[in-house]
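First comes the structure, then the notes that go with it.
When a ligand or atom number is given, it counts from 1 through the structure's own listing order.
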Amino acid sequence: MAGGVRRGADQGDVARLQTDDPSGPQAPVVASWEGRILAVGPRDDVERELEGGGYPLARFARLDARGGAVTPGLIDPHTHLLFAGTREGELILRQQGASYLDILSAGGGILSTVAATRAATEDDLLAHGRRWADEMVAHGVTTIEAKSGYGLDLETEVRLVEVAYRLGLEGPLDIVPTWLGAHAVPPEFRGRPGGVEAYVRSVIDDQLPGIAAHGRARFADVFCESGVFSADQSRRVLQAALGFGLFPRLHADELAPSGGAELAAEIGAASADHLATPSAAGIAAMAEAAESGNPVVATLLPVTTWFLMKDHHAPARAFIDAGVPVAIGTDFNPGTSPTASLPLAMSFACINLGLSPDEALAAVTINAARALLLEDEIGSLESGKAADLVIWRVPTTTQIPYWPGADLARTVIKRGKVVHDGPDR
Ligand SMILES: [Zn+2]
């Protein structure tokens, strides 16, 4: 897969290398050295290139894909990795007809996770994070974004960002921490006049400077949604965050058109996420940003829509037709998407959003890398990039979304090292 972000008619251009003779001189190989990709291409060409560069061929350990497809390590650009407690009761409430905002306004939803997370220790959160990070790696994921947002006070938000950062240092999964202080209005600000606005002020004046001083968060995110934070409040939080060097991204137009896509384009966010109900003006604004060479990635989260039992899906084809690069994430979280499987999200992207398997593959590799502003480092198999690869149990990448929920990642390589090696099946 060569060359940057995929959008428009090129969203599904995965630049595949194939051969009929996997042991022959034309068999595609990836060569890496000290964690970086040196060369990709037919074996003969790569070996010649390495010898010409003075690399000792005999010192390269060889790993045979044994007929399995090989892709870049998958990148999950939207997770809420760290939380405490579970919310299986809401599944039953939804079956009885309750909506997301019904459950939230009754004190459930995010607020129950906030109470459990505030009570959790750093060790609790580390253990939880390790358990799910391991599962992500086992599904072929080598980099994720992880949001805070279940603390909603400075102390707990810093703890969440710190745990995400430490889990990333521990590896093998690389973790990009995002501060999501404006995820919901916490109980202590609810039910009082002007409570939402008072919380927005405390996010900007108290949380943000503390998070910035802590120095671990790379992005700032806001839940921009009718009934949560308005586009105006979201703009104020994200602009203030930018002033502290935290790059903007946002939860936009998930449940109703709320001006989120327009805001993302206006402030040059790295990504606008969910986008199940963007306005036509919002899609047009994101198309214009993409055309100008500074795209806002549309990060779509189809598992969430399914888990919330909604039949209205993000207009993925409209984004692709408008030339907006599309990424796919799990939205891993305890309320609305309790899955750590990015390949499963690829299945939903194909079934419910109408992406082709190749478009879905670009959406979880190079475009997901761009959504994290890491497209020069990861997301494709090109010389100079990190040697993050997956060897799949299936012979073609088309089969990855074709087997929903299956355990397909056989061998996962992070910076040149095998970090997950499952059995043949
Ligand atoms: Zn989210």
Flag the pair [X] and [Y] as a salt bridge only when some basic side-chain nitrogen lies within less than 4.0 angstrom of an acidic carboxylate oxygen.
{"X": "E145", "Y": "R218", "answer": "no"}
{"X": "R6", "Y": "E375", "answer": "no"}
{"X": "K385", "Y": "E377", "answer": "no"}

Q) Is the Zn ion (ligand 1) under 2.8 Å from any N, O or S atom of H80? A) yes
Q) Taking the Zn ion (ligand 1) as the vertex, how big is the angle to NE2 in H251 and NE2 in H78, rounded to 10°? A) 90°
Q: Before giving the answer on side-chain hydrogen bond (donor to acceptor under 3.5 Å, both in side chains), spell out for E262 and S279 the whole-Å C-alpha distance, their side-chain angles and the decisive distance to 0.1 Å.
A: CA-CA 8 Å; E262 292 90 327; S279 69; 2.6 Å; yes
Q: Could you tell me which N, O or S atom of D331 is nearest to the Zn ion (ligand 1)?
A: OD1
